[in-house]
2 protein chains.
Amino acid sequence: MNATKLDVPRSRDPERTRERILDCAQALILDHGFGATTVDAVTGRAGITKGAFFHHFPSKSDLGRALAHRYAELDEEHLRENMARAAKLATDPLQQLLVFVGLYEEQFAALDQPFPGCLFASFIYENKLFDEDTLVVLRRNALVWRAALRAQLEAVAAVHPPGRPVDFDSLADLFYALTEGTFVMTKTLGDRSLLVRQCQLMRTLLEQLFTPALAG
Amino acid sequence: MNATKLDVPRSRDPERTRERILDCAQALILDHGFGATTVDAVTGRAGITKGAFFHHFPSKSDLGRALAHRYAELDEEHLRENMARAAKLATDPLQQLLVFVGLYEEQFAALDQPFPGCLFASFIYENKLFDEDTLVVLRRNALVWRAALRAQLEAVAAVHPPGRPVDFDSLADLFYALTEGTFVMTKTLGDRSLLVRQCQLMRTLLEQLFTPALAG
DNA sequence: TGTTTAACATACCAACTGGTTGGTACCTAA
DNA sequence: TTAGGTACCAACCAGTTGGTATGTTAAACA
């Protein structure tokens with residue numbers, strides 16, 4: 001498979017080794033899937049031996065679980081942070097929402113490598129390879145996004161009644177789904193601009209929904 | 001164990017055998033991924049032997065390629081059909097587009113099993129497992145959708161200028177991306193209603209974009 | 001009817017898989 | 001100084017993998 005070694009000075013730092021294993025595994029998984037990512041490939045890339053791997057992770061499924069937890073924590077921290085920043089940058093709920101999407105747009109635009117995709121989408125298309133503990137993390141993550149955006153959308157609607165009635169749960173899910181789908185398209189077409197453009201479009205659609213007529 | 005042959009004479013129907021292999025493989029792949037779907041599992045499910053499998057497919061990658069081609073053909077035929085039906089059911093381009101989405105909504109609603117997901121999304125998250133010939137099929141499929149919807153969107157805009165300027169390519173991609181993403185969410189949350197609800201939402205957003213003010 | 005050939009089945013293999021073993025180098029605490 | 005745990009390594013193991021070599025059988029011809 002991919003045997004490119006990240007030659008890192010052999011530093012006896014278990015925490016960093018563990019993180020490096022997770023990093024390498026995640027990169028490989030996003031290209032090959034979990035099932036086809038062998039622990040030999042992971043150890044080869046991380047520059048360690050199989051013994052070291054199984055010292056840090058009792059089994060390959062433990063690696064999967066650890067990966068899911070780490071990904072969810074990072075993602076949800078990221079979500080909270082952008083929500084908080086948007087809340088500070090604007091006072092009107094709609095403007096906050098638009099800024100929120102704008103922040104993600106900014107961050108997508110700043111990526112230089114082609115976007116590698118979402119670990120959770122990768123996992124869910126191999127769901128039978130994972131135990132319930134791991135899958136629960138994915139479910140919870142989707143619900144966290146729904147709850148966060150639904151709350152914001154209700155605040156928006158209280159100030160700007162939508163031009164047409166909409167189901168807020170579905171509109172909240174739109175963010176998650178559209179992002180996931182755009183990841184798929186980005187990987188498919190190799191066009192890095194897709195994420196940014198879908199963010200722009202989402203802002204347009206939200207503005208059009210909540211402020212149909214331009215106010216001045 | 002089975003000494004006497006009571007079995008019905010083997011249905012010596014190569015075309016059906018081939019299709020059964022493809023069906024079984026696809027079902028397994030959508031749950032385990034391509035890499036973790038062994039040909040033993042496929043043959044076991046299809047009720048044939050490994051010899052039979054390799055008679056129909058020279059290698060496992062040939063199975064993948066055949067699967068991609070079949071999936072694309074079915075999907076694009078489906079797309080053309082729904083486009084044609086929508087074109088007959090309405091004359092106004094916007095109404096055609098809304099009917100088009102409505103047809104998919106209908107078809108999603110009619111599914112009784114939980115939706116198994118999109119083969120292409122599964123493949124793209126294991127892209128390094130496939131050769132260029134296979135990946136080209138996925139790319140072409142995404143572009144077919146974009147082209148079809150972009151054309152329709154331009155026809156819509158000619159009659160109903162959008163309330164805000166939008167990039168038609170991105171709006172066209174929204175259909176593909178939102179569908180893919182909702183497949184992911186459906187698999188994640190196990191909620192079969194998600195697809196239907198995102199179709200409804202999409203129709204609302206399109207109406208709001210192209211006819212901001214309700215005409216009478 | 002006999003012959004050929006496509007459509008399978010059976011038995012097997014080399015390479016690879018996740019995981020284990022026994023060991024070594026290093027750090028820390030007593 | 002030393003005892004013991006942590007971090008890591010090299011070699012190995014049993015089971016599984018995609019793939020093959022060689023049969024067998026039914027159907028399509030001649």
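The shown structure was predicted, so the numbers you read here are calculated from the model rather than taken from an experiment. All chains are named by letter (A, B, ...) in the order of the sequence lines, taking the proteins before the strands, and each is independently numbered beginning at 1.
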**Message:** If the cut-off is 4.0 Å, is A:T17 near the phosphate of D:dC8, judged by side-chain N/O to OP1 or OP2?
**Reply:**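 Indeed, a polar side-chain atom of A:T17 lies that close.
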
**Asked** Do the side-chain N or O atoms of A:H56 get closer than 4.0 angstrom to the phosphate oxygens (OP1, OP2) of D:dT6?
**Response**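 Checking D:dT6 against A:H56, no side-chain N or O comes under 4.0 Å of OP1 or OP2.
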
**Request:** Would you indicate whether B:E15, at its atom CD, is surrounded by more than 12 heavy atoms from other residues, nucleotides or ligands within a distance under 6.0 Å?
**Result:**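 No, not enclosed.
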
Without decimals, in angstroms, what is the distance between [X] [atom1] and [N] [atom2]?
X: A:F57; N: D:dT6; atom1: CZ; atom2: C1'; answer: 16 Å
X: B:R18; N: C:dA6; atom1: CZ; atom2: C1'; answer: 15 Å
X: A:R20; N: D:dA7; atom1: CZ; atom2: P; answer: 14 Å
X: A:D62; N: C:dG19; atom1: CG; atom2: P; answer: 9 Å
X: A:L28; N: C:dT17; atom1: CG; atom2: C1'; answer: 16 Å
X: B:I48; N: C:dA9; atom1: CD1; atom2: C1'; answer: 11 Å
X: B:R16; N: C:dC8; atom1: CZ; atom2: C1'; answer: 15 Å
X: B:H32; N: C:dT17; atom1: NE2; atom2: P; answer: 19 Å

**Message:** Quick check for you: to the nearest 0.5 Å, what is the distance between B:L206 atom CG and B:L174 atom CG?
**Reply:**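 B:L206 CG to B:L174 CG: 7.5 Å, rounded to 0.5 Å.
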
**Request:** By nearest nucleotide on DNA chain D, pick out whichever of A:H55 and B:S61 is the more 5' one.
**Result:**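 It is A:H55, whose closest nucleotide lies nearer the 5' terminus.
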
**Asked** Would you say the side-chain atoms of A:R20 pair up with the backbone N or O of A:A46, donor to acceptor, closer than 3.5 Å?
**Response**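 Yes, A:R20 side chain to A:A46 backbone: donor-acceptor pair under 3.5 Å.
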
**Message:** So does B:L89 get a backbone contact from the side chain of B:Q96, meaning a donor-acceptor N/O pair under 3.5 Å?
**Reply:**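 Pair absent, no side-chain N/O of B:Q96 close to backbone of B:L89.
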
**Short side-chain donor-acceptor distance under 3.5 Å, B:N141 and B:E76** =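 Present: a donor and an acceptor within the cut-off.
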
Please list each protein N or O that sits under 3.5 Å from an N or O in nucleotides 14-18 of chain D, with the distance.
| unit_1 | atom_1 | unit_2 | atom_2 | d |
| --- | --- | --- | --- | --- |
| D:dG18 | OP1 | B:K60 | NZ | 3.3 |
| D:dG18 | OP2 | B:V39 | N | 3.0 |
| D:dG18 | N7 | B:K50 | NZ | 2.9 |

**Request:** With the side chain of A:P14 defined as its heavy atoms from C-beta on, choose the nearest nucleotide among C:dT10, D:dA7, C:dA7.
**Result:**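 When the side chain of A:P14 is considered, D:dA7 is the closest of C:dT10, D:dA7, C:dA7.
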
**Parallel, tilted or perpendicular: ring planes of B:H78 versus B:Y104, cut at 30 and 60 degrees** =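 Geometry flag for B:Y104 against B:H78: tilted rings.
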
**Item:** B:K60 NZ/CZ over B:F34 ring centroid, <6.0 Å and within 45° of normal
**Value:**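 Yes, cation above the ring, under 6.0 Å and within 45°.
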
